Participant: 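Here it is, the structure in full.
Both counts, for ligands and for their atoms, begin at 1 and track the order of listing. If you're wondering where the values come from, they're calculated on a predicted model, not measured in any experiment.
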Amino acid sequence: MKTLTGIPASGGVGLAQFFIYTENVPLDIPRFHIQKETVRAEWDRFCSALDKARIEIEAVRNDSLKENNEILDAHLLMLEDPVFNKQVKDRLETYLLNVECVVFDVSREIIQKLIASPVEYFHERAVDIDDVAQRILRLLLDVKKETLADLTEDVVVIARNILPSDMLTMNRQRVKGIALDAGSKTSHTAILAKAFGIPAVMGLSQVTQEALDRQKAGENELVFVNGENGEVIFDLNDKTIVYKTFVQNFRNYRKNTAELMANLPAETLDGCRVTLNANIEIPEEAEQALAFGSEGIGLYRSEFLFLTHGQPAEEEAQFNAYCRVIKAMNGNPVTIRTVDIGGDKIASNRGGAVEKNPLLGARAIRFSLAFPEIFKTQLRAILRASVFGNIRIMFPMISCIVELRQALALLEEAKEQCRMKGHAFADNIPVGCMIEVPVAAEIADILAEKSAFFSIGTNDLIQYSLAVDRNNEMVNYLAQPFHPGVLRFIKKTIDAAHSANIKAAMCGELAGDTGATALLLGLGLDEFSMTASSIPRIKKIIRSVSMQDCRILAEKVRECKSAQEVQGVLDANKALP
Ligand code: PEP
Ligand code: MG
C-alpha cells in the first residue's frame, strides 16, 4: 500500500479507479532540433493539426449556445491567420526546431505582447490565442482533451487542481472522491466538493505524479480517498474488500446519524437553543437542506449563478433561481449573499480589470459597488423574489461603514426601480453584513448600527488576518482558526452584535467544524451555517454539551497564547467524560 497524506478538505470516504484530469496542467512541450529534410514533415503535421482543430471547433460551435458562437468564430479565424502561420513556417526553416516548440514560442511571444498592451481588448485576444494555441499543441502532442462532464464510470478524480467552474459542470454522480496536488480546506473547490458530498483531499503536492507513474506502468487500480483524515491510499491489493466494507459502513453510519438528528432541536443539555442553517452554492442544494435538519439557508453563494455562464446572470434567471431556493425552504429564512466574484471565483466579465492580486482586489462588495448596474440587477431579482418567502440579504467583504451605506443606498435605488416597474417586494427585509475583513470585526459596533445581523466569514477572516492565501497549500499550515487573534475577532463581533441586539451568525467553514462547536457556543454564537450534510454531526455535539461548560471552556481558551495551546485545551475538554 502507498499512502499520501494531505489536507482533509471534504469529509467522507470514497473508493474507485482513478481518473487523471490534466486539463489545468501545463502541457509538457518537447524541444529538439530537426534535420532540414524533416521541415516539410513538421509543417505537414502543423497543417494537419490545424485541420483537426477546425473540425473540433466547428463541432463545439454546432453544439453550443449562440452566445459562444462569436468566440468560436474568432478561434476559427485564428486558425487561418496568415501572419501566425507564416511565423511558424519561417521559424521551422530558420531554427530547425520541432513544430510543437515553434508553435509554443510563437504563440507565447504574441500573447506577451498583447498582455503588455494597456488596451483591454488585446488582453482578451491573448486569452483566445492561448486557447487556440493550446488546442493545436494538444493535437500535435496527441494529448486527449478530458472533460469531467462526460464521466461514465465511477472514478476518483486526481488533478493538480480543479477550478470551481469545472466542479459545476462535472458529472457529480460518477465522482467518488477527489485528490488534488493544490488547494486547501477553504478553497471554493473544497467548498463545492462538500456541497456535492464528494470526499476530497487537497494539498497533496505529488498525487498527480504518483497517478501518472502508475498509469504509465499500466496500473490503474482502485484508490481510496479519506476526506476525514486526509489520506489517499494506492495499491490496496488484498485489502480491497476491507476498504469496500469500510466505505459502506461509513456511509450507513452517516445516514443513520442524519436520520436520528433530523427532527431534534439544536439545543444544549441545559436548554439553550441555537440555529443551524445550511450554506448552498446552487439552488439544487436547497432541496436537500431541510432533510439534513437545516432551519434555513444561512449563506447562498449567489456568485455561482454567474460563474456557470461566465457572465452576469440576467435578472430573470436570478429571480427564478432565488424563487426555487425560497420554495424549497418552505417559509424558512433564505440569506442571499450578493455576488462575491473574485479571488478564486473568476468570472469572464471583470469590467476590463486584470488584477495582480485578485484576493486584495475588486472582489465581493467592491465589485458590486464598482458595477452598480450589475449589483442593482441582482438586488431587483432578490427583491422580486422576496414576496414568495422569507429573504435576508447579506453583503460580503464589508470593510467600512461607507461601503455599507453605499450598498444600502443602491438597495434603495433598486427598490425604487421595482416600484416604478410595478414589482412588489417584502417590507423590512433584514440586511446584514459579513464580517470577514479584520477591520470589520474591529468596527463591528459601528457596522451594527446599520446591520440587521452579522455573519462571520471565517474563511476570509483567517486569510486576511493571518495573511495566508486560502488556496495556497504551501502556507495552509498557517491558516489557524484557533489563533488567539482570530478568536478575538470572532468574540468582538459576537459581543458587538449582542450589544446592538442583533444576531451573530457564522457561515465560514469553522461553523461546520466539530472541533470548534463547544468553543463557538461558549463564545455566544447564535447561528451556525454550514454544508447541509454537516448539520447532523454539529447538532449531535450541541445536544451533548451544556452551555455552562462551553462558557467555562471559552474562558479557559481566552487565556491561551497560541493556536496550539487552544487546541490543547479543546482536546482536554473532549477527553472529559
Ligand atoms: C467566508 O469567507 O468564510 C465565507 C463564508 O465566504 P466565502 O467562503 O464564499 O468567501
Ligand atoms: Mg468570504
Participant: Apply salt bridge (Lys or Arg N to Asp or Glu O under 4.0 Å) to K185 and list each qualifying residue two or more places apart in sequence or on a separate chain.
Facilitator: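 Residues passing salt bridge (Lys or Arg N to Asp or Glu O under 4.0 Å) with K185: none at all.
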Participant: Heavy atoms only: which of E303, E436, E281, R301 is nearest to atom 5 (C) of ligand 1?
Facilitator: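 It is R301 whose heavy atom sits nearest to atom 5 (C) of ligand 1.
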Participant: Given the ring of F453, does R392 sit roughly above its face, with NZ or CZ under 6.0 Å from the centre of the six-membered ring and within 45° of the axis?
Facilitator: yes
Participant: Do E287 and M329 come close enough that some side-chain heavy atom pair is under 4.5 Å?
Facilitator: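 The answer is no, as the side chains (C-beta and beyond) never meet within the 4.5 Å cut-off.
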Participant: May I ask you to check if ligand 1 and E509 share an N or O to N or O distance below 3.5 Å?
Facilitator: no
Participant: Can you name the atoms of ligand 1, numbered from 1 with element, that are less than 4.0 Å from a heavy atom of L299?
Facilitator: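 Counting atoms of ligand 1 from 1, those under 4.0 Å from L299 are 5 (C).
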Participant: May I ask whether R470 has any heavy atom positioned less than 4.0 angstrom from an atom of ligand 1?
Facilitator: yes
Participant: Does any non-hydrogen side-chain atom of V334 lie less than 4.5 Å from one of Y322?
Facilitator: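 Result no, sub-4.5 Å side-chain heavy-atom pair not found.
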Participant: Under 4.0 Å from any heavy atom of D340, which atoms of ligand 1 are there?
Facilitator: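 Near D340, meaning under 4.0 Å from one of its heavy atoms, ligand 1 has 10 (O).
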Participant: Please report whether the ring centroid of F367 lies less than 6.0 Å from that of F371.
Facilitator: yes
Participant: Between E285 and R301, does any side-chain N to carboxylate O distance fall below 4.0 Å?
Facilitator: no
Participant: N/O/S of E436 less than 2.8 Å from the Mg ion (ligand 2)?
Facilitator: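 For E436, the answer is yes, given that an N, O or S atom comes within less than 2.8 Å of the Mg ion (ligand 2).
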Participant: For ligand 1, which atoms have a heavy atom of M434 less than 4.0 angstrom away?
Facilitator: 4 (C), 5 (C), 6 (O)
Participant: As an exercise, identify every atom of ligand 1 less than 4.0 angstrom from a heavy atom of I191.
Facilitator: 8 (O)
Participant: Taking side chain to side chain contact (heavy atoms under 4.5 Å, CB included) as the criterion, tell me which of L521, I538, D526 meets it with V274.
Facilitator: L521
Participant: Please confirm whether R363 approaches ligand 1 to less than 4.0 Å, judged on its heavy atoms.
Facilitator: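 R363 counts as a contact of ligand 1 under the 4.0 Å cut-off.
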Participant: Quick check against the 3.5 Å criterion: does E228 have a side-chain atom that pairs as donor or acceptor with the backbone of G12?
Facilitator: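 Yes, E228 side chain to G12 backbone: donor-acceptor pair under 3.5 Å.
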Participant: Could you tell me the separation between the CD1 atom of I456 and the CZ atom of F528, rounded to the nearest 0.5 Å?
Facilitator: 10.0 Å
Participant: Specify which N/O/S atom of D460 comes nearest to the Mg ion (ligand 2), by atom name.
Facilitator: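 The closest N, O or S atom of D460 to the Mg ion (ligand 2) is OD2.
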Participant: When you measure from the heavy atoms of R337 to every atom of ligand 1, does any distance fall below 4.0 Å?
Facilitator: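 In this structure, R337 qualifies as a contact of ligand 1 - some heavy atom is under 4.0 Å.
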Participant: Go through ligand 1 atom by atom and flag the ones less than 4.0 Å from a non-hydrogen atom of C507.
Facilitator: 5 (C)
Participant: Would you mind running through ligand 1 and noting each atom that sits below 4.0 Å from a heavy atom of D460?
Facilitator: 1 (C), 2 (O), 3 (O), 10 (O)
Participant: If I apply the N/O under 3.5 Å rule, does H188 come out as touching ligand 1?
Facilitator: yes
Participant: Using a strict cut-off of 4.0 Å, indicate which atoms of ligand 1 neighbour a heavy atom of G457.
Facilitator: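 Checking each atom against G457, I get 1 (C), 2 (O), 3 (O).
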Participant: Under 3.5 Å, is there a donor on one side chain and an acceptor on the other for Q463 and D460?
Facilitator: yes
